Amino acid sequence: MSDAPAGWGAAREMSPFEVMMWRAEGDDPRFRSPVLAVELLDAKPDWDRLVAAVDWATRMVPRFRERIREPLGGLGTPYWIHDLEFDLHYHLRRVRIPGAGPGFWAELSPIAEQFMMTPFDRERPPWEAMLVEGLPGGRAAFLLKLHHVLTDGLGVVQLLSQLHSRKREHDDTKPQPAAPEPTSPDPLAEVDRLVRREAGIVPAAARAARDVVGALTHPLSAARDTARYLDSALRVLSPPPGRGSELLRPRGMSWRFVALDVDFADLRAAGKSVGGSFNDAFVASLLGGFRLYHEAMGHPVTGDATLRTSVPVSVRREGDAAGGNRWAPARLAAPMGIADPARRIREVGEQMRAAREEPALESPDVVAPLLARLPGPLLTLVAGGSTQGNDLQASNVPGLRSEAFLCGARIDRVYPFAPLPGCAAMISVVTHGDQCCVGANVDAAAITDREEFARCLAGGFAEVLALQPGAAEPMIVG
């Protein structure tokens, strides 16, 4: 096995979409973009072994020893550079819950929420990790927080699949790359990057010439294709259709977590029984939960009520670099008011298929380079308006299906918590072994009764799981 570092996250410059996330957050903390994985372990790892393992990971994936540099006073694209003062002691911490009872989530979730809401130091590599000891039965939790500019959900799975062990014992044969050589900023290289990569005069001229020639050669076809693309782009880039929920309208700065366990095979079979996919069944379950929550809070909805929903769709292709962000939004007028789970699944499926077939599905990649160059306040106004129109964002990420270990401790669950870019709730699911680990990050101003919301969310999954006879009940992590 080679001792060379892994190629994950090797791109030097940020993509335009990543620039938007980085700069919008710098201007308005409501658009902060951390991604958090909460791993529940069956035992407490040895601390010294864990420190050594995380140090190894930063050598295996050099991106973890890099910080973001804004070039030339903010002109041009931010890029990654080795941190001359990298300090693992800052990035890796541990705390202990004194006397956590069987319902450990009440003690663990505030730690995880505060950890995720704490801003990154923008002069350091944008990641942090924490070991939480003291869970019942000698168990522990490992919290890994990454800035979204590092990667999307599938990129996290790529990363963890490379770093987690497949056995409990220490592996003496794993590669041992050296720490990357630190490099100082090169002003001349920054000027070269600005001229050649930012101005892009020659590539832009070549593309314009190609488009003009194509239009002159096939004018009618070009006009039809352009009109079709622009119409599609308007749907992709605009907020989801329909009115937002009045109950969920307030927005604040504080986040709260809810976690559920759902049997993967049962949920997939429930969707398949009525012609839907696993993702259709997942989104339909969330919508059922929101309908029940509206009813419980005294805001019953009609049968045709919709919930403004956005679902990230991966646009990764074979050959794309590991890490980074490669996704586009599917915007739904999601059928919250449909009580029949079978009808709800089929309607979600129809809308998702239409969204995936949009000619301009990747149009955010077209406008992102322009938006990334806007001043911070204007960027948050334009880009924020797109996400604040959502009541729900839902993300489905395939996880690790085989056993995985962290420094001798088996990873029993992995709960994902994604950022809230102005929406009322961001709910993600990761398949871990035979379980769906559901992580809901909710705006505390929009969803004011977390316990009731957890019960209603479990009720939404129960509605869908009832389509599969003998399915196990969803379990609220508590």
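These numbers come from a predicted model, not from an experiment.
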Margin query: Main chain of D55, side chain of T58: is a donor-acceptor contact present, judged purely on distance under 3.5 Å?
Written below: yes

Check: Are the side chain of W127 and the backbone N or O of F64 linked by a donor-acceptor pair below 3.5 Å?
Finding: yes

Check: Of all heavy-atom pairs between M14 and I68, which one has the smallest distance, and what is that distance?
Finding: CE-CD1, 3.0 Å

Item checked: Identified side-chain hydrogen bond (donor to acceptor under 3.5 Å, both in side chains) partner of E39 from the options H432, H164, R413 -> H164

Margin query: To the nearest 0.5 Å, what is the distance between CD on E25 and CZ on R30?
Written below: 13.0 Å

Notebook entry, point to check: For Y415, which of V258, L36, L40, L260 qualifies under side-chain contact (heavy atoms from CB on, under 4.5 Å)?
Noted result: L40

Notebook entry, point to check: Just by modelled atom types, is the A333 backbone N or O under 3.5 Å from a matching donor or acceptor in the Q351 side chain?
Noted result: yes

Item checked: Distance under 6.0 Å and angle within 45° of ring axis: K145 vs F120 -> yes

Margin query: Whether the side chain of E113 engages the backbone of F257 through a donor-acceptor N/O pair (distance < 3.5 Å, no angle test) should be reported.
Written below: yes

Check: Got a second to check how far L287's CG is from T306's OG1, nearest 0.5 Å?
Finding: 10.0 Å

Check: With a distance cut-off below 6.0 Å to the six-membered ring centre and an angular limit of 45° from the axis, does R69 pair with W80 as a cation-pi contact?
Finding: no

Check: Closest approach of T448 and Y293, non-hydrogen atoms and distance?
Finding: N-OH, 3.3 Å

Checklist line | Check: G252 main-chain N/O paired with D443 side-chain donor or acceptor under 3.5 Å | finding: yes

Notebook entry, point to check: Does any N or O in the side chain of N390 come within less than 3.5 Å of the main-chain N or O of Q393, such that one atom is a donor and the other an acceptor?
Noted result: no

Checklist line | N-O pairing of E347 and R344 below 4.0 Å | finding: no

Notebook entry, point to check: Parallel, tilted or perpendicular for F278 and F282, by the 30°/60° rule?
Noted result: parallel

Next item on the list: Could you tell me if the ring centre of W22 sits under 6.0 Å from that of H148?
Entry: no

Checklist line | Worked verdict on F405 versus I411 for side chain to side chain contact (heavy atoms under 4.5 Å, CB included) | finding: CA-CA 5 Å; F405 297 87; I411 302 169; 5.8 Å; no

Next item on the list: Dump the intermediate steps for side chain to side chain contact (heavy atoms under 4.5 Å, CB included) on E66 and R12, then the final yes or no.
Entry: CA-CA 10 Å; E66 296 176 345; R12 188 54 43 203; 3.3 Å; yes

Next item on the list: Evaluate side chain to side chain contact (heavy atoms under 4.5 Å, CB included) for R256 paired with R450, printing each intermediate quantity in order.
Entry: CA-CA 8 Å; R256 298 292 184 268; R450 174 173 41 178; 3.8 Å; yes

Note to self: Tell me if a side-chain donor or acceptor on S33 pairs with a main-chain N or O of F31 at a distance below 3.5 Å.
What the structure shows: yes

Item checked: Between CG on residue L420 and CE on residue M253, distance to nearest 0.5 Å -> 11.5 Å

Notebook entry, point to check: Do the side-chain N and O atoms of H294 and S245 include a donor-acceptor pair separated by under 3.5 angstrom?
Noted result: yes

Item checked: Intermediate values then yes/no, side chain to side chain contact (heavy atoms under 4.5 Å, CB included), I427 and L392 -> CA-CA 8 Å; I427 305 181; L392 167 65; 4.0 Å; yes

Notebook entry, point to check: Should we count CD of E246 as having more than 12 external heavy atoms under 6.0 Å?
Noted result: yes

Check: Measuring from Q114:CD to T118:OG1, what's the distance to the nearest 0.5 Å?
Finding: 7.5 Å

Notebook entry, point to check: Within the distance-only criterion (no hydrogens, no angle test), does the side chain of R251 pair as donor or acceptor with the backbone N or O of L248 below 3.5 angstrom?
Noted result: yes

Check: When you measure from the side chain of D83 to the backbone N and O of R65, does any donor-acceptor pair fall under 3.5 Å?
Finding: no

Check: Under 3.5 Å, side chain of E70 to main-chain N/O of P78, donor-acceptor pair present?
Finding: no

